[in-house]
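Chain identifiers are assigned alphabetically (A, B, ...) following the order of the sequence lines, protein sequences preceding nucleic acid strands; residue numbering begins at 1 within each chain.
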Amino acid sequence: MVEEEKTLENTKNWSRELEKRIINEINSLDFTFSLNTEKEIFSLDTPPPYTSGRPWHLGAAAQYSKIDILGRSQRMLGKEVLFPVGMDRNGIPVERYTEKKNGISIKDTSREEFIKLCKESLDELEGEMLDILKSFSYSGDFKNVYRTDSASYRALTQSTFIEMWKKGMIIRGTRPSNYCIDCGTTIADAEIEYKELDTNLVYFYFKIKDSDKKILVASTRPELLGACSVILVNPTDDRFKEFVGKTAIIPIYEKEVKIIAHSYAKAEFGSGAVMICSYGDYNDMVIIKELNLKETILIDTNGRMNENAGEKLKGLKVNKARETIIKLLQDYGAVDKIEKIKHRTPMCDRSKIPIEIIPMDEYYVKVTDIRDRLIELANELEIIPEQHKQILINWLKVSNDWPISRRRYYGTEIPLWYCNNCGEPLVPEEGKYYIPWKELPPEGSKCSKCNGDKFTGDTRTFDTWMDSSVSALYVTKYLYDKEFFSKTYPMTLRPQGIDIVRTWLNYSILRNYQLTEKLPWKTAWIDGMGLDEHGEKMSKSKGNGVDPTIVIEKYGADAFRFWAVSEAMPGSNFMFSESRLQGSSKFLTKLWNVARLIKQFPAQEDRPTITESDRWIIEYTKKITNECVDAYKKLNPYLPANKIREFIWNVFAPHYLELIKARAYGEGFSEEEKESALYTLNSTFKELLLLLAPITPFITDTIWRELYSKESIHYQNITNFPEEDNTILETGEKLMEFNKKVWNLKKEKKISLRDKISIEIPQELKPFEKDLIKMHNIE
RNA sequence: GGGCCCGUGGUCUAGUGGUUAUGACGUCUGCUUGACGUGCAGAAGGCCAAGGGUUCGAAUCCCUUCGGGCCCACCA
């Protein structure tokens, strides 16, 4: 038995079931980008989603829905749209996921094997992500999905590094670095988060050299005592005046340190005297640099104390060492008291453990010397909404050189070898993908310094932002197609979330400027975050994410998309709410039923003489169209969604459709008057469908094909109309007021809306008289 | 401590100087009206956070206060 085909005639509600009937067809529409076009090019540097764990909470899916609406609307505005789909596949999260999934540790798995397992995880996760994108008919270029771990992408990342190396933009240095012991790598400032943790503030005494006096110091990091390089007291603090310039003896270690007056020491905190150690926190770094002190390193990269910490602490982990040193100090008789305090601790935002500051040999991208230029560029960039520009500017003002080397496996390899004889780095030519940890350098390579020919490859990888920050260069074929690049770069738009302004947006501007001396795009579109029903940001780590696939299955992709875009202005956070989503779904059913009504009447293609009632709704629709088209041009799809919903639900359906029903049925009207209604009904509804098509691609295309054309609505264009006389719209307002008055009157009289009523039609509504008499059954 | 953003009916949200402030969800009342009960019609509900100022006129501009969010710095 063949199931009855669901159509406008026999289905009352819009549903996911109806979407599934046409999803394959809609997803196979051809939007292939063509370089040889007369049209204006509109290109999107879309965020390649991070394939790092179980995919996507609803906030992310909502963001991609909005991006798709931007792409679709520009297409319908007649632009040639370059709409890439990418997958960000590098970095630590996938390593974590792979370790967990396979029950292995990166430390005891061979690099080759580990990478293979990561790739398997990624392929599986990527498939799920692509399925979600397709489930709501994301219309990006799925035929050319790019992957940041592909040989061609990694070759680009490496080439841009080599180019920057040659331009002197890469520096190498041992600097105190943020180091996460768990990740086993240095991390960028942007990856640090702060947390209030309970900790002990330990008060203990240093003896003063050649004196029987003692100075009291307070520290949260007593295990670094052996690295103490100076004691600071505030110059205005009278308690310590006598000690300034004296020498103190470090308890246990019996080493000498100076006591110096420095405004950094705050009299009101702790004992008023602070010991500076390499490196307890950022300030230690700043002070040691400022006073040009010698650093002593006590913690190694495994998070254990080294020989500098002394026999008693050597080999202990940091926390254990802290406990131990407190005991040792107590035995020594130096401890005055221990205070419990809340301490704002820098944490690795992935491992959730405190970071250590350890000097590492790392590569950096120079930022500080071009910071002013970057701020200028940020000001030149159009940012939507404008207010979010400040986030970028504020960050630029304080950003430092960017550490880019990572000691991990799954990332783009740093394309360098080092001469076995003298250690000089060997830099290969741009254009190829190099894997120095397992490959020899290009044949015939000689050390530029000592002419040696034996090399060892760098084993490190790049920070993943090194890859994703050149996405605009990859999708415009910077390395691979000069003509394509020259016609598509700089791109039109970077759409992204507000949460990665400091990272993706910032690093992209930096890198593209360094390589091309230009901004990578004209406009950045910064969306807010998806919040859960309590107003908290949805994130994988919090586990408060709502699964978008369940929501889409239940309410349909169009309802989800309409909800996503109508919920908040671009840039504002949006809270998930099932009842609002239901509201969107109701609207689609409303639209569906308007279409069902229209389908009952024959189509009227040729334009007859238009009655005043019809002229009113035609002019009103023009006004709505103009407002929506303008909003789409300004990359604001929030406005069209709400305007159209409002118009259809509060004007078009209750007032206009009721006004012309009788005429459309042809009862008591001339053939010409009937034709006017049928023509108007279809021409205005067609316009509304077109305006909605970028937002709700399923329902609009279904209706379009049943009512108007075999050719998909998504191949049509939307344009605005020339300004016209609006006086009829004012009369229309009076018309709607009159309708409400009649409805109220009938309600007061407790009679049915169908019943006869006697009421005078105002003079100004005479042009609508015939329709009104029929509509309200006026005697 | 510094910066940025925000504060509109129960909830969410438009609205940046001009008549009775937008819409949605929810609430209440009535209704099978030729597409829609996931509907239709109607109603209630807001001193636009508070105070002051500019203006003929302020939700809108300025100042102050209070409250919320985010960011930066600092917290030995």
Side-chain angles (χ1 to χ4, degrees), chain A residues 8-9 12-15 189 194 196 199 201-203 217-222 224 228 231-232 264-266 268-277 280-284 287 341-345 385 387-395 397-399 498-499 501-502 528-529 533 535 537 555 559 563 566-569 571-575 577-601 638-639 642-643 645-646 649-650 653-654 657-658 661-662 664-665 667 739-740 742-744 746-748 750-755 775-777:
Chain A
L8 279 169
E9 280 94 349
K12 284 186 174 184
N13 307 321
W14 181 251
S15 66
D189 287 349
Y194 288 83
E196 295 284 341
T199 192
L201 179 60
V202 183
Y203 290 71
V217 168
S219 173
T220 53
R221 302 291 308 265
L224 296 175
C228 176
I231 292 171
L232 304 182
Y264 167 67
K266 298 281 177 279
E268 60 281 5
F269 191 93
S271 68
V274 50
M275 69 171 187
I276 299 297
C277 306
D281 64 23
Y282 295 117
N283 301 301
D284 291 345
I287 301 284
I341 60 160
K342 290 271 181 199
H343 183 218
R344 192 154 176 263
T345 313
Q387 73 227 33
H388 288 343
K389 181 174 276 192
Q390 209 54 45
I391 300 170
L392 176 63
I393 304 276
N394 287 349
W395 181 246
K397 282 181 186 161
V398 297
S399 63
I498 193 172
D499 53 336
V501 166
R502 299 188 334 185
M529 302 315 300
E533 49 275 70
K537 181 177 155 178
Y555 295 99
W563 167 79
S566 66
E567 191 59 17
M569 286 277 274
S572 302
N573 294 342
F574 48 99
M575 226 187 268
S577 152
E578 197 154 349
S579 68
R580 267 176 238 289
L581 193 53
Q582 275 166 1
S584 299
S585 150
K586 283 183 191 174
F587 168 63
L588 297 180
T589 288
K590 183 75 185 172
L591 182 72
W592 182 250
N593 280 289
V594 170
R596 294 183 66 211
L597 176 69
I598 292 175
K599 178 125 200 228
Q600 292 180 12
F601 307 117
Y638 169 91
L639 230 61
N642 285 292
K643 274 211 186 309
R645 168 160 59 183
E646 222 174 299
W649 220 322
N650 299 337
L657 290 183
E658 294 301 329
K661 244 182 209 172
Y665 282 106
E667 293 166 4
N739 288 339
K740 288 186 178 186
V742 176
W743 287 326
N744 262 329
K746 287 189 171 178
K747 190 183 162 87
E748 272 169 37
K750 294 192 190 272
I751 58 173
S752 158
L753 290 177
R754 262 196 309 196
D755 290 339
M775 175 182 183
H776 296 298
N777 202 2

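You won't find any donor-acceptor pair under 3.5 Å spanning the side chain of A:E9 and the base of B:A35, going by distance alone.
Searching all strands for a Watson-Crick or G-U wobble partner of B:G42 with both distances below 3.5 Å returns B:C28. Partner assigned to B:C61 is B:G53, using Watson-Crick or G-U wobble distances below 3.5 angstrom. Checking B:A35 for Watson-Crick or G-U wobble geometry (two distances, each under 3.5 Å) identifies no partner in any strand. Using the Watson-Crick or G-U wobble rule with both distances under 3.5 Å, B:C66 pairs with B:G7.
Ring-plane geometry between A:W563 and A:F574 is classed as perpendicular, the angle between the planes exceeding 60 degrees on a 0 to 90 degree scale with a lower cut at 30.
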> Between A:K661 and A:E658, is a salt bridge (charged side-chain N to carboxylate O under 4.0 Å, His left out) present by the stated rule, with each step listed?
Replying inline: CA-CA 5 Å; A:K661 244 182 209 172; A:E658 294 301 329; 3.3 Å; yes

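Comparing B:A21 with B:G46, their C1' atoms sit 9 Å apart, to the nearest whole Å. The same atom, C1', is picked in B:G17 and in B:C75; the two are 45 Å apart, to the nearest Å. One C1' atom belongs to B:U64, the other to B:U27, and the distance between them is 38 Å to the nearest Å. Between B:G51 and B:A58, the distance separating the two C1' atoms is 15 Å to the nearest Å. Taking atom P on both B:C25 and B:U38, the two are 14 Å apart, rounded to the nearest angstrom.
Here A:K746 does not reach the OP1 or OP2 of B:G42: none of its side-chain N or O atoms lies under 4.0 Å away. Distances shorter than 4.0 Å separate none of the side-chain N or O atoms of A:K590 from OP1 or OP2 on B:C36. Taking 4.0 angstrom as the limit, A:R754 places a side-chain polar atom (N or O) nearer than this to OP1 or OP2 of B:U33.
For the pairing with A:W14, the side chain to side chain contact (heavy atoms under 4.5 Å, CB included) check across A:N593, A:T589, A:L591 returns one residue only, A:T589.
Remark on RNA chain B: of its neighbouring residues A:V217 and A:S572, the 5'-side contact belongs to A:S572, judged by nearest-heavy-atom nucleotide. Both A:M275 and A:E667 lie close to RNA chain B; mapped to their nearest nucleotides by heavy-atom distance, the more 5′-ward contact belongs to A:E667.
The side chain of A:N744 lies closest to B:A43, out of B:C40, B:A43, B:A35. Side-chain atoms of A:W743 lie closest to B:A41 of the nucleotides B:A41, B:A35, B:G34.
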> With the sugar-phosphate defined as primed atoms, P, OP1 and OP2, and the base as all remaining atoms, what B/S/- string results for nucleotides 21-29 of chain B, 5' to 3', for protein heavy atoms under 4.0 Å?
Replying inline: -SSBSS--B

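The structure places CE of A:M775 at 9.5 Å from CG of A:L753, a figure rounded to the nearest 0.5 Å. Taking CG from A:L581 and NZ from A:K586, the interatomic distance works out to 12.0 Å, rounded to the nearest 0.5 Å.
Nucleic acid contact for A:S219: sugar-phosphate only, since backbone atoms but no base atoms lie under 4.0 Å from a heavy atom of the residue.
By the 5.5 angstrom centroid cut-off and the 30-degree plane limit, A:Y665 is classified as stacked against the base of B:G34.
For A:E9 and A:R596, the salt-bridge test fails: no basic side-chain N is under 4.0 Å from an acidic carboxylate O.
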